[in-house]
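Okay, so here's the structure we're looking at.
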Amino acid sequence: MSFYVTTPIYYVNSTPHIGHAYTTIAADIVVRHRRQRGEETFFLTGTDEHGSNIPRVAEEAGLELREFVDRNAAAFQEMTVRVNASNDFFVRTTDPRHGALVQEFLQRIYERGDIYEGVYAGLYCTRCEAFYTEAELVDGLCPQHGIPPDFVEEKNYFFRLSAYQEALLRLYDERREIVLPSFRYNEARSFIERGLDDISVSRASQRWGVPIPWDTSQVVYVWVDALINYWSALGFARADEDLRPRFWPEVRHFLAKDILKFHCVIWPALLLAAGLEVPRQLFVHGYLLLDERKISKSAGNVIDPLDLIDVYGVDPVRFYLFRVATFGQDGSISLQGLHERYERELGNELGNLLSRTTAMVARYRDGRLRAAEVSGALGAQIDRVGGEVPARLDEFDLTGALELVWELVRSLNRHVEQSAPWELAKDESRAAELDRVLYELGDGLRAVAVAVASFVPDASERILSALGQPLELGWERVAAGRFVETDAIEPAPPLFPRVDAPTPAG
RNA sequence: GGCGGCGUAGCUCAGCUGGUUAGAGCAGCGGAAUCAUAAUCCGUGUGUCGCAGGUUCGAGUCCUGCCGCCGCUACCA
């Protein structure tokens with residue numbers, strides 16, 4: 001079974017913020033988990049570099065076009081690396097190999113008859129790359145950007161989106177889970193239901209883009225160019241293999257709610273028109289709100305994820321985002337919340353659990369941990385994590401999956417208190433009891449490490465190392481009693497050391 | 001206007017196809033312990049489950065209406 005995951009390709013018009021990191025991390029968690037289950041995976045992310053905004057913004061920045069997109073693409077590549085995303089490829093739409101496949105894709109639709117020539121006249125917001133009707137404007141300005149739209153009249157090529165209404169409805173009816181969560185499915189379906197207008201897929205007045213193959217005086221509309229990346233990248237990501245037969249259409253697209261229509265309506269229609277299969281699934285997540293407010297430049301509350309990573313490290317940021325907010329819904333984050341979760345849950349509940357466990361093994365048993373039996377309730381809970389976490393991740397309930405693992409962390413701390421190894425250590429006749437408790441703690445912590453590996457990969461490794469366990473993450477190891485005997489456990493250094501509290505000014 | 005989401009303890013939220021005295025975490029208060037990054041554990045909640053009706057033996061959970069917040073979308077004589 002192959003499993004292909006994508007993030008949107010991010011627009012190099014601006015630099016990365018926490019919202020980009022959120023989508024990338026979500027996709028990464030899911031794909032890492034699938035690898036743990038031994039599935040064949042491919043994880044794609046990248047940048048969207050065409051469109052009329054780019055020449056304008058580049059000029060404002062005083063840079064050559066190429067220089068500008070290279071610089072901003074590099075910022076997204078750095079973000080990808082810094083959040084520890086395990087992507088298999090990073091696609092850029094300015095890559096000529098992408099351009100060639102975009103042309104091939106459009107040519108197919110053209111030849112099959114669903115692209116025709118027409119004239120578009122209307123109000124156009126260059127920032128949105130979208131046309132507006134008078135009614136959509138607010139005080140005559142673009143509702144998104146608050147700038148006056150331009151009146152544009154030009155010859156364009158149109159895609160017969162309107163012809164795909166029935167096919168799309170049929171698709172939605174046959175595959176209820178094509179768009180998740182279900183309320184996003186409803187949103188997309190009702191949009192299709194009320195009728196679709198044809199869309200312009202070319203721009204006559206622009207030069208920065210992929211030329212229309214049969215009329216090189218025009219370039220491909222940036223959104224169409226961008227969507228095709230999901231299919232094109234598989235064609236050239238590997239020099240020695242076209243990956244499309246292997247991974248298309250087993251794709252899961254992750255995206256934020258603002259680009260639902262492009263992904264859930266236009267993209268499947270384009271694929272149908274090109275005679276290709278539609279995506280297996282699309283997951284539409286919500287927005288992160290900073291202190292209850294939408295994150296935006298105009299609100300002045302943009303967070304650079306790299307700043308947070310500099311202070312707390314990458315794992316805590318990955319952890320926090322899926323701990324506070326239910327994935328799929330909008331969710332509130334705050335610097336203080338991150339700090340509190342870091343301290344309490346990562347530092348105290350998990351980090352300290354490792355510290356106390358390893359310290360006791362070192363102190364009472366000279367670092368030796370021998371196989372013993374894992375008692376009923378605890379063993380059952382470990383096995384339950386192994387069984388139920390995959391089910392939650394299969395439906396992209398990242399928050400629920402993490403909560404299940406955390407309940408096990410809490411149980412282990414409770415187990416320490418209830419069995420009080422320091423009491424057992426005082427009584428030679430209870431040596432076997434002590435051995436068993438220490439083994440249970442070690443085994444439970446080991447299982448936790450494997451179970452949270454997709455969320456906090458670095459910490460997972462450090463836990464396994466501290467316990468003298470092999471760095472093997474196969475999901476079958478999330479089960480009781482898989483601890484490998486060892487003689488070399490030393491008191492572990494703090495897994496998540498204290499950091500200074502954030503300044504109120506932020 | 002249509003469609004959809006949300007409204008549950010001070011705060012953040014779970015509560016799937018209706019069923020024992022409505023839950024978790026945080027914060028607060030009280031206590032225990034000392035293996036540990038003073039980290040942990042235990043106890044502690046008189047909540048009109050937005051409001052009003054209805055269906056049912058039984059509703060936070062279904063239906064209707066209404067109120068408030070939000071999203072998508074349409075339209076305006």
Worksheet item: Should the pair A:R462 and A:F496 be classed as cation-pi, given the thresholds of under 6.0 Å to the six-membered ring centre and 45° from the axis?
Response: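 Verdict for A:F496: a cation-pi partner in A:R462.
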Worksheet item: Looking at A:F3, does the NZ or CZ of A:R34 lie under 6.0 angstrom from its six-membered ring centre and within 45 degrees of the ring axis?
Response: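 Geometry flag: set, cation within 6.0 Å and 45°.
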Does [N] have OP1 or OP2 under 4.0 Å away from a side-chain N or O of [X]?
X	N	answer
A:R356	B:U40	no
A:R363	B:A36	yes
A:K261	B:U73	yes
A:T326	B:A14	yes
A:R410	B:C41	no

Which whole-number value in Å describes the distance from [X] [atom1] to [N] [atom2]?
X	N	atom1	atom2	value
A:R184	B:G4	CZ	P	14 Å
A:F496	B:A36	CZ	C1'	16 Å
A:D258	B:C72	CG	P	9 Å
A:R498	B:A38	CZ	P	7 Å
A:E187	B:G2	CD	P	17 Å
A:H285	B:G5	NE2	C1'	17 Å
A:L321	B:U12	CG	P	19 Å
A:F322	B:G25	CZ	P	23 Å

Same-atom distance ([atom1]) from [N] to [M], integer angstrom:
N	M	atom1	result
B:C66	B:G19	P	28 Å
B:C57	B:U48	C1'	24 Å
B:C72	B:U55	C1'	32 Å
B:G45	B:G18	P	31 Å
B:U17	B:A38	C1'	48 Å
B:A14	B:C49	C1'	13 Å
B:U73	B:A27	P	41 Å
B:G71	B:G25	C1'	28 Å

With a 3.5 angstrom cut-off on both distances, give the Watson-Crick or G-U wobble partner of [N], or none if there isn't one.
N	value
B:A74	none
B:U12	B:A24
B:U34	none
B:G68	B:C6
B:U56	none

Fill in: Closest-nucleotide ordering on RNA chain B, the 5'-leading residue of A:Y364 and A:K257
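By nearest-heavy-atom nucleotide position, the 5'-most residue is A:Y364.
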Worksheet entry | Audit row: A:F396, A:F327, ring-ring contact (aromatic ring centres under 6.0 Å, His included) steps and yes/no | CA-CA 8 Å; A:F396 308 108; A:F327 188 57; 7.9 Å; no
Item to complete: Would you confirm whether the ring centroid of A:F455 sits within less than 6.0 angstrom of the ring centroid of A:W406?
Response: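 That pair fails the under 6.0 Å test.
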Worksheet entry | Centroid-centroid distance, A:Y230 to A:H253, less than 6.0 Å |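 Ring-ring flag for A:Y230/A:H253: true, centres closer than 6.0 Å.
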Worksheet entry | Selection: residues 417-448 of chain A, any non-hydrogen atom under 4.0 Å of RNA chain B |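 Residues of residues 417-448 of chain A under 4.0 Å from RNA chain B: A:E417, A:W422, A:E423.
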Discussion item. Under 4.0 Å, heavy atom to any atom of RNA chain B: which of residues 341-353 of chain A qualify?
Written reply: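 RNA chain B contact set from residues 341-353 of chain A: A:R344, A:G347, A:N348, A:G351, A:N352.
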Practice prompt. Could you list the residues that satisfy ring pair (Phe, Tyr, Trp, His ring centres under 6.0 Å) with A:F191, not counting sequence neighbours?
Written response: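 A:F191 satisfies ring pair (Phe, Tyr, Trp, His ring centres under 6.0 Å) with no residue once adjacent residues are dropped.
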Discussion item. With a sphere of 6.0 Å drawn around CD of A:E39, does it hold more than 12 non-hydrogen atoms of other residues, nucleotides or ligands?
Written reply: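 Atom CD in A:E39 is crowded, with more than 12 foreign heavy atoms closer than 6.0 Å.
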Under a plain distance cut-off of 3.5 Å, with no hydrogens placed, do [Y] and [X] share a side-chain donor-acceptor pair?
X	Y	value
A:N156	A:Y221	no
A:Y185	A:R176	yes
A:Y10	A:T24	yes

Worksheet entry | From B:U40, B:G71, B:C35, nucleotide with atom closest to A:N413 side chain |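 Looking only at heavy atoms from C-beta outward on A:N413, the closest nucleotide is B:U40.
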Worksheet item: If you check the A:Q329 side chain, which of B:C41, B:C3, B:G5 turns out closest?
Response: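 Of B:C41, B:C3, B:G5, B:G5 is nearest to the side chain of A:Q329.
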Practice prompt. Examine distances only and state if a side-chain atom of A:S460 and a backbone atom of A:A449 form a donor-acceptor pair shorter than 3.5 Å.
Written response: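 Confirmed, A:S460 side chain pairs with A:A449 backbone.
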Item to complete: Locate the shortest heavy-atom distance separating A:H339 from A:V499; write the atom from each residue and the value.
Response: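 Smallest heavy-atom distance, with atoms named: CE1-O, 3.4 Å.
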